[in-house]
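Here the structure comes first, spelled out in structure tokens, and everything after it is commentary.
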Amino acid sequence: MAWQTINRNEPVFDADAPPVLSEAVREKIRSFFPRYDTKRAALLPALHVVQDTLGHVSWKAMAEIAEVLDIHPSDVFDTMSFYTHFWNHPKGEKTITACRSITCELLGGREVLDAIKKHLGIDEHETTPDGKYSLVTEECLAGCDHSPCMLINEKLHKRVRAADVPALLAAADNDKIDIPRSTLFDAPQESQRAGSGSADGKTDDQVGTNVAE
Amino acid sequence: MADYEPVLLRNVGVDGSRTLDVYRARGGYKAAEKVVKDMTADDVIDEVKRAGLRGRGGAGFPAGVKWGFLPKGRKRTLLCVNADESEPPTFCNRVLMEHDPHQVIEGIIIAGYATRAQIAYVYMRVEFHEQFHIMQNAIDEAYAAGLLGKNILGSGYDLEVYVHRGAGAYVCGEETGLIESIEGKRGYPRIKPPFPAVEGLFRMPTVVNNVETLANLPHIIERGADWFLGIGTPSSAGPKLFCVCGPVNRPGCYEAPMTITCEELIMGDAFGRGMTDNLPVKAVFPGGTSMGVITGDELQMKMDFDDPRNFGMLGLGTAAAVVVNNKTDIRAVLRNVARFYALESCGQCTQCREGTNWMYRIASRIEHGAGRIEDLDLIEEVAGRMGMMPGLSICGLPDGATFPIQGIVRKFRGELEEHIANQEPGKAEAVLSVLN
């Protein structure tokens with residue numbers, strides 16, 4: 001078998017394609033500028049807003065964020081790649097973040113994680129074929145008084161038992177929190193979709209299913 | 001300790017404790033008003049210094065002294081609030097922000113006034129979703145009531161409070177890592193000196209204080225330094241939040257003076273109420289995992305700033321105890337703790353990046369039944385060659401990684417040796433071929 005090689009002549013993204021960040025998103029990013037001494041400091045807020053808008057932060061989105069912040073695209077990737085929260089490929093409509101630190105493990109976190117994997121038929125860093133769920137693990141979620149715990153999008157589920165997993169994942173409102181939300185880091189109102197962080201970001205990346213990170 | 005009346009947690013469980021009206025009705029914002037209207041910045045610093053308030057984030061450095069390091073003739077000061085609580089198994093800041101956000105905001109106003117800061121950034125880990133919404137809504141409410149923003153309560157003092165959400169990195173709880181993260185960079189801790197008080201965020205004099213430290217300030221101002229010194233011991237004064245979790249009957253966040261022992265925290269009626277199914281305690285990580293471990297025979301350890309050192313611990317840390325019962329295989333605990341630091345090492349310093357991962361690999365093979373007897377010496381040797389204390393790293397993360405691992409290997413060596421001696425012959429080769 002021949003070596004598979006990367007075609008370096010093919011651009012990572014199509015620079016001539018229409019922009020992925022709307023003017024409303026750019027304006028929202030700029031609205032963070034007065035808070036900081038430098039534009040670059042608005043990078044984490046910008047990444048949060050873009051990820052909420054597109055469902056992930058694509059290569060093209062990174063280049064456009066760089067444009068708004070007056071920095072090099074590689075600076076955006078450099079920072080973004082350090083943090084586990086940002087994705088540069090599409091993810092499912094809901095992201096399950098299962099805790100696997102010491103307290104959760106002592107109280108059955110591994111069994112819960114196995115039950116999730118079995119129920120969804122995916123492993124960590126994968127997305128279900130129907131695009132509904134992505135699964136990741138995270139170190140301590142600071143919910144150790146309710147171990148084992150996991151997040152579904154913004155909602156922290158407490159004292160989860162492996163037996164409860166199918167019912168929990170079948171519930172339509174399992175990512176809804178019952179307190180007033182702040183929209184500060186959300187997508188701007190105009191482009192906001194129902195739910196948070198779904199995968200309609202098919203603009204410039206292929207939507208993959210079951211792809212490892 | 002049954003007669004101790006909680007101060008920091010006094011509003012927890014009260015209906016509507018998140019709202020400004022309830023917080024005010026229960027005496028809130030009186031201290032902030034007194035500070036901005038009747039006190040000078042130096043008065044506040046003196047009072048906090050006199051109280052000897054030591055930082056609650058882990059290092060235990062006196063807050064007033066930290067403020068005192070700010071250069072005299074500075075033009076600007078920035079205040080950062082460390083709400084990046086990520087140390088397993090710590091959740092006391094979460095409880096404070098979730099139930100009583102205005103107490104934290106009042107602390108921010110007082111610290112901001114004392115340090116003459118006009119901007120405060122609350123650096124909050126991203127996994128705190130609900131807590132972010134609660135804090136942001138409370139901040140909006142405080143702005144609307146004239147408690148934040150320009151000319152607070154007509155005093156002429158201005159303070160803007162901005163929440164800056166993190167994105168999943170333990171190392172951003174280190175104060176200079178936190179600063180880099182706010183600047184929009186990787187959360188790489190900086191080489192010190194210069195310390196943040198001299199050159200911090202945006203190269204300006206900066207103070208970084210933990211949420212719980214700030215929550216103490218309104219009470220110190222309102223009740224005075226003498227009240228604060230009357231609780232606990234002279235070197236460990238004031239109310240303190242303790243977390244207890246794991247297989248105990250009542251896991252949770254409790255407030256007590258720092259005269260409490262680890263045993264009382266686990267067994268006491270007002271605290272953990274004993275172990276589930278009355279199983280014996282095998283080990284406790286009493287200060288967050290990074291401070292080290294004590295065995296079930298060392299529960300008499302006092303949860304103060306000094307006593308943990310007598311038990312081979314790094315310090316009090318975050319005073320969050322996770323208990324391990326005798327049904328748990330210590331190898332699994334070793335591997336879990338080692339993995340945390342291997343994943344969370346930022347990768348800047350070679351011996352931490354490589355050493356934490358090396359220790360994790362050793363711990364994994366021991367757990368999978370492929371340990372070698374010399375692995376125990378090896379893991380101790382690796383642990384002894386990393387960290388800030390031998391002067392090899394930029395931040396304290398590798399020290400926090402070595403203390404629990406060295407602690408487990410030293411205090412449970414017999415058990416680990418027994419496991420290794422009883423390993424299935426031939427299994428080691430099979431496991432090693434997969435792991436390495």
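Convention: sequence-line order gives letters A, B, ...; per-chain numbering from 1.
With a threshold of 4.5 angstrom between heavy atoms, B/T90 approaches chain A through N, CA, C or O but not through any side-chain atom. Only the side chain of A/S81 comes within contact range of chain B, judged by heavy atoms closer than 4.5 Å. Of the atoms belonging to B/V333, heavy atoms from both backbone and side chain fall under 4.5 Å from chain A. The parts of B/A332 that come within reach of chain A are both its backbone and its side chain, each placing non-hydrogen atoms under 4.5 angstrom from that chain. Looking at B/C92, neither its backbone nor its side chain comes within 4.5 Å of chain A, counting heavy atoms on both sides. In this structure, the portion of A/I179 lying under 4.5 Å from any heavy atom of chain B is its side chain and not its backbone. Neither the backbone nor the side chain of A/S147 comes within less than 4.5 Å of any heavy atom of chain B. Neither the backbone nor the side chain of B/V248 comes within less than 4.5 Å of any heavy atom of chain A. With a 4.5 angstrom heavy-atom cutoff, A/E139 touches chain B via backbone and side-chain atoms both.
Between the B/E141 side chain and the B/L20 main chain, a donor and an acceptor come within less than 3.5 Å of each other. Here the side chain of B/R250 pairs a donor or acceptor atom with the backbone of B/F271 at under 3.5 angstrom. Here the side chain of A/H119 pairs no donor or acceptor atom with the backbone of A/A115 at under 3.5 angstrom. Of the possible donor and acceptor atoms, none in the side chain of B/Y123 sits under 3.5 Å from a partner among the backbone N and O of B/C172.
Comparing B/I119, B/I134, B/V244, B/V163 by heavy-atom pairs within less than 4.5 Å of chain A, the highest count is held by B/V163. Your options are A/L156, A/L151, A/D78, and the one with the most heavy-atom pairs under 4.5 Å with chain B is A/D78. Ranked by heavy-atom pairs shorter than 4.5 Å toward chain A, the options B/D140, B/V323, B/V322 are led by B/V322. Most heavy-atom pairs under 4.5 Å with chain A: of the set B/H164, B/R18, B/Q136, this distinction falls to B/H164. Contact tally against chain A (heavy-atom pairs below 4.5 Å) for B/P88, B/C346, B/S86: the top residue is B/P88. Most heavy-atom pairs under 4.5 Å with chain A: of the set B/E344, B/E127, B/E160, this distinction falls to B/E127.
Aromatic ring orientation, A/H85 versus A/H48: tilted (interplanar angle from 30° to 60°). Ring geometry, B/Y121 versus A/Y36: the interplanar angle falls under 30°, so the pair is classed parallel (tilted spans 30 to 60°).
B/Y170 and B/E85 are not linked by any side-chain donor-acceptor pair at a separation below 3.5 angstrom, with hydrogens and angles left out of the test. Donor-acceptor pairing under 3.5 Å is recorded for the side chains of A/T137 and A/E124. Inspection of the B/R165 and B/H129 side chains reveals an N or O donor paired with an N or O acceptor under 3.5 Å.
Residues A/Y133 and A/I116 form no side-chain contact, since every pair of their non-hydrogen atoms from C-beta on lies 4.5 Å or further apart.
Checked for salt-bridge contact, A/E105 and B/R335 meet the test: a charged N lies under 4.0 Å from a carboxylate O. Salt bridge present: B/R76 and A/D37 bring a charged side-chain N and a carboxylate O closer than 4.0 Å.
Both tests pass for B/R125 against the ring of B/F128: distance under 6.0 Å to the centre and angle within 45° of the axis.
Heavy-atom neighbours of chain A within the stretch residues 179-188 of chain B, taken at a separation under 4.5 angstrom, comprise B/S181, B/I182, B/E183, B/G184, B/K185, B/R186, B/G187, B/Y188.
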